[in-house]
Participant: 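Have a look at the structure that comes next, please.
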Amino acid sequence: MLDIKVLRDNPDAVKAGAIKKRLADRVQAVDRALAIDAELRAMIPGLDALRSEQKNFGKTMGKLSPAERETALARQKDLKAEIGALEEREKTLRAELEQQLALVPNVPDPEVPDGKDDTENVEVKRHGQVRTFDFTPRAHYDLAEAQGWVDFLRAANMAGSRNYILFGDLALLHDAVLRFAVELMVQRGFVPVDPPLLVRDQAMFGTGFFPGGEEQTYRCERDGLNLIGTAEVPVTSLHGGEMLTEDQLPKKYVARSACFRREAGTHGKDTRGLYRVHQFQKVEQVVIDVADQERSIRHHHDIVANAEALLQACDLPYRIVAVCGGDLGVPQAMKYDIETWMPSRNAYCETHSASRFYDYQARRLDLRYRPKDGGKVQFCHTLNNTVIASPRVLIPLLENHQLPDGRVVVPAALRPYLGGREVLGKPLG
RNA sequence: GGUGGGGUGGCAGAGUGGCCUAAUGCGGCAGUCUUGAAAACUGCAGUUGGCGCAAGUCAACCGAGGGUUCGAAUCCCUCCCCCACCGCCA
């Protein structure tokens, strides 16, 4: 949610932002919001004056003669009807304003590259050597199935497509990388959180997933609850509705959680293997801090660096892209994706997504703080980034670290989580 | 699931139809005193919106939404949440 004042002062910039995000259909929400705002502001002074008159009546009533009292009461009746009608209109307008304002996307920062979709994201950094194989490397699904580490068929039978069952060492590796990720973040001062996975609509709305993301979300209709697609939702909502004090900030949280995504509209895309699945585990980092653009940008770089540290510790080649306007979501002001090299796909593929929102989420969540210097109450800034998502990260781990015989080398950083083992699997024929 | 008690400003906590324009305390800010700090004292101060260059001024807000009333923090209804006890249960 943007401040209505931003729309008033700079409607063209807000509209240009929506167009840069390729959300042209939401441009009209700006004009609608402004029209409603104008009507509200035109009627409020009159309404306030009437309410003022009504309110003052109680003080004078006692001094009136019976006859005067009669006329005064008649006037009060009129006032009541008049105020009632105006309040009805005000209520409708405020609801509509809220609705339109909720549709207005956050304005992308100037540094966000122009572009229509993820093919036009701009690489800003590349790290690590892409491995060249002197044997024919196996794709992770072939390798894992041959090792008896994964079963897609039985998973599909019991749960439908885009599901998987991990077994044995791969189940352990999955857990190892997640545990490593949590510990790394705890070392870096983040507070571990184990949040609810089923949340109310307000949390989905507050983080900007609703309206718009309903189709991607599993919903428990009879309880009115939604399964989270990322721990960003409950963790960013953690202090929703609260008034924090500046000395409580920044809040840095790390949450490991299961994540659920319907992947509607992706039929036929990435159907093979562990890349695009309905349920996965993710370690997510969330930062909540004061309303300071420069600090937000610094946090943004920090949370990217945290993810990089993890990938480097796992000896995985990756690159960072600045996500272009057309690939940016509604609530983000700027986003970096980290893409890790996946030999079977012969490409760098998204494994991390680091976003900064400024106060867009905080406004929707009513997440505020009181500045130290006694200044005006402010909305917080929020950011988040993946630390690791598995099983997706198992793809590069298996494929980049495979041996010619189908065994897999464990990166040194993960060995403590696997009983010190350096290699997983048995030699394949 | 059942019964009962609650939800008031940053926090605690008074307030059962009209001087509530929400007491009081804590915390916060400014000042006096002090080498500095603490204590003490004095003053300022809720949030949101409208109008205004500003001082200011008007309105809304007492968990959410409806209702009764000339008038609601206060009475009624629905919902949400918290606490206590009982039942069931991982």
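The sequence lines fix the lettering, A, B, ..., with proteins before strands; numbering per chain opens at 1. Here the structure is a predicted model, which is why all the values come from computation and not from measurement.
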Participant: Expressed in angstrom and rounded to an integer, what is the separation of A/Leu93 atom CG from B/rA60 atom P?
Facilitator: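 Checked: the CG to P distance equals 18 Å.
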Participant: How long is the line joining CD of A/Glu88 and C1' of B/rG67, in whole Å?
Facilitator: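 In whole Å, B/rG67 C1' lies 13 Å from A/Glu88 CD.
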Participant: Judged by each residue's nearest nucleotide on RNA chain B, which is more toward the 5′ side, A/Arg8 or A/Met243?
Facilitator: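 With A/Met243 and A/Arg8 compared, the 5'-side residue is A/Met243.
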Participant: Going by purine N1 to pyrimidine N3 plus the second Watson-Crick contact, or the G-U wobble pair, all under 3.5 Å, which nucleotide sits opposite B/rU16?
Facilitator: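 Here B/rU16 is not engaged in any pair, so there is no nucleotide opposite it.
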Participant: Base, sugar-phosphate alone, or nothing: which one does A/Arg363 contact when heavy atoms must sit under 4.0 Å apart?
Facilitator: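 Since no nucleic acid heavy atom lies under 4.0 Å of A/Arg363, the category is nothing.
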Participant: OP1, OP2 of B/rC80 versus side-chain N and O of A/Arg200: anything below 4.0 Å?
Facilitator: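 No.
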Participant: Between A/Lys372 and A/Arg368, name the one whose nearest nucleotide on RNA chain B is closer to the 5' end.
Facilitator: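 The residue closer to the strand's 5' end, by nearest nucleotide, is A/Lys372.
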Participant: Counting just side-chain N and O atoms, does A/Arg94 come under 4.0 Å of either OP1 or OP2 of B/rG49?
Facilitator: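 Indeed not, no polar side-chain atom of A/Arg94 lies that close.
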Participant: B/rU48, OP1 or OP2 - any side-chain N/O from A/Lys376 closer than 4.0 Å?
Facilitator: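 So the side-chain polar atoms of A/Lys376 do come within 4.0 Å of the phosphate oxygens OP1 or OP2 of B/rU48, strictly under.
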Participant: With a cut-off of 6.0 Å (strictly less than), are more than 12 heavy atoms of other residues, nucleotides or ligands near CZ of A/Arg415?
Facilitator: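 Result for CZ/A/Arg415: enclosed.
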Participant: Using the P atom in both, what is the distance from B/rG7 to B/rU74, to the nearest Å?
Facilitator: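 Approximately 12 Å lies between the P atom of B/rG7 and that of B/rU74.
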Participant: Taking atom C1' in both B/rU16 and B/rG6, compute the distance separating them and give it to the nearest angstrom.
Facilitator: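 Going atom to atom, C1' in each nucleotide, I get 16 Å.
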Participant: What is the distance, rounded to the nearest whole Å, between atom CG of A/Leu50 and atom C1' of B/rG50?
Facilitator: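 After rounding, the reported distance stands at 14 Å.
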Participant: Could you check whether any side-chain heavy atom of A/Asp118 comes within less than 4.5 Å of a side-chain heavy atom of A/Asp337, counting everything from C-beta outward?
Facilitator: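 Counting from C-beta outward, A/Asp118 and A/Asp337 never come under 4.5 Å.
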Participant: Within less than 4.0 Å of OP1 or OP2 of B/rC51, is there a side-chain N or O belonging to A/Arg41?
Facilitator: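 For A/Arg41, the contact criterion (side-chain N or O under 4.0 Å from OP1 or OP2 of B/rC51) is met.
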Participant: Does A/Ser52 have a side-chain nitrogen or oxygen under 4.0 Å from the phosphate oxygens OP1 or OP2 of B/rC58?
Facilitator: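 So the side chain of A/Ser52 is outside the cut-off, no N or O lying under 4.0 Å from OP1 or OP2 of B/rC58.
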Participant: How far does the C1' atom of B/rG52 sit from the matching atom of B/rG63, given to the nearest Å?
Facilitator: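 Looking at atom C1' only, B/rG52 and B/rG63 are 35 Å apart.
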Participant: For A/Ser355 versus A/Ile303, what's the shortest heavy-atom pair and its separation?
Facilitator: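 Looking at all heavy atoms of both residues, the shortest contact is O-CD1, 4.5 Å.
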Participant: Can you measure A/Asp247 atom CG to B/rC11 atom P for me and round it to whole angstrom units?
Facilitator: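 It is 14 Å, rounded to the nearest whole Å.
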Participant: Sticking with atom P, work out how far B/rC19 lies from B/rA40, rounded to a whole angstrom.
Facilitator: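 One P to the other, the span is 35 Å.
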Participant: If the P atom of B/rG15 is compared with that of B/rG9, how far apart are they to the nearest Å?
Facilitator: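 About 16 Å, rounded to a whole number of Å.
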Participant: Just name whichever nucleotide pairs with B/rU69, Watson-Crick or G-U, keeping both distances under 3.5 Å, else none.
Facilitator: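 No nucleotide pairs with B/rU69.
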Participant: Please state the P separation for the pair B/rG27 and B/rA39 - nearest whole angstrom.
Facilitator: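 Nearest-Å result for B/rG27 against B/rA39 at atom P: 8 Å.
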Participant: Without decimals, in angstroms, what is the distance between A/Gln248 CD and B/rG27 P?
Facilitator: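 My rounded result for the distance is 17 Å.
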Participant: Rounding to the closest angstrom, what is the interatomic distance between B/rC83 and B/rG67 at atom P?
Facilitator: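 Taking atom P in both B/rC83 and B/rG67, they lie 32 Å apart.
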Participant: Could you tell me which nucleotide pairs with B/rU57 by Watson-Crick or G-U wobble geometry, both distances under 3.5 Å, or answer none if nothing does?
Facilitator: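 Here B/rU57 is engaged in a pair, and the nucleotide opposite it is B/rG50.
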Participant: A/Lys80 side chain: which of B/rU69, B/rU48, B/rA59 is closest?
Facilitator: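 Comparing B/rU69, B/rU48, B/rA59 against the side chain of A/Lys80, the answer is B/rU69.
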Participant: Take the protein atom CG of A/Asp223 and the nucleotide atom P of B/rC81, then report the distance between them rounded to whole Å.
Facilitator: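 It is 11 Å, rounded to the nearest whole Å.
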Participant: My understanding is that a pair needs two contacts under 3.5 Å, Watson-Crick or G-U wobble. By that rule, which nucleotide pairs with B/rU78?
Facilitator: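 Pair assignment: B/rU78 / B/rA64.
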Participant: Using atom CZ of A/Arg51 as one end and atom C1' of B/rG71 as the other, report the distance to the nearest whole Å.
Facilitator: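 Going from A/Arg51 (CZ) to B/rG71 (C1'), I get 14 Å.
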Participant: Which word best sums up how the rings of A/Phe260 and A/Tyr218 line up, parallel for under 30°, tilted for 30 to 60°, or perpendicular for over 60°?
Facilitator: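 Perpendicular.
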Participant: Taking all non-hydrogen atoms of both residues, which atom of A/Ile228 and which atom of A/Ser257 are closest, and how far apart?
Facilitator: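 That closest heavy-atom pairing would be CD1-OG, 3.8 Å.
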Participant: Starting at atom NZ of A/Lys91, determine the distance to atom P of B/rA59, rounded to an integer number of angstrom.
Facilitator: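 Nearest whole value for this atom pair: 22 Å.
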Participant: Provide the closest heavy-atom pair for A/Leu93 versus A/Ile36 in the form atom of the first, atom of the second, distance.
Facilitator: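 Heavy-atom minimum between the residues: O-CG2, 3.3 Å.
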Participant: If you measure from the P atom in B/rC29 to the same atom in B/rC82, how many Å do you get, rounded?
Facilitator: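 Here B/rC29 and B/rC82 have their P atoms 33 Å from each other.
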Participant: Scan every strand shown for a Watson-Crick or G-U wobble partner of B/rG1, both distances under 3.5 Å, and answer none if you come up empty.
Facilitator: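 By the stated definition (distances under 3.5 Å), B/rC86 pairs with B/rG1.
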Participant: For B/rC44, which nucleotide in any strand shown is its Watson-Crick or wobble partner with both distances under 3.5 Å?
Facilitator: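 When the pairing criteria are applied, B/rG28 turns out to be the nucleotide that pairs with B/rC44.
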Participant: Checking side-chain hydrogen bond (donor to acceptor under 3.5 Å, both in side chains) between A/Tyr358 and each of A/His381, A/Gln332, A/Gln293, A/Arg363, which is the one that passes?
Facilitator: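 Only one of A/His381, A/Gln332, A/Gln293, A/Arg363 forms a side-chain hydrogen bond (donor to acceptor under 3.5 Å, both in side chains) with A/Tyr358, namely A/Gln293.
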Participant: State the pairing partner of B/rC33; accept Watson-Crick or G-U wobble contacts with both distances under 3.5 Å, and report none otherwise.
Facilitator: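 Paired with no nucleotide.
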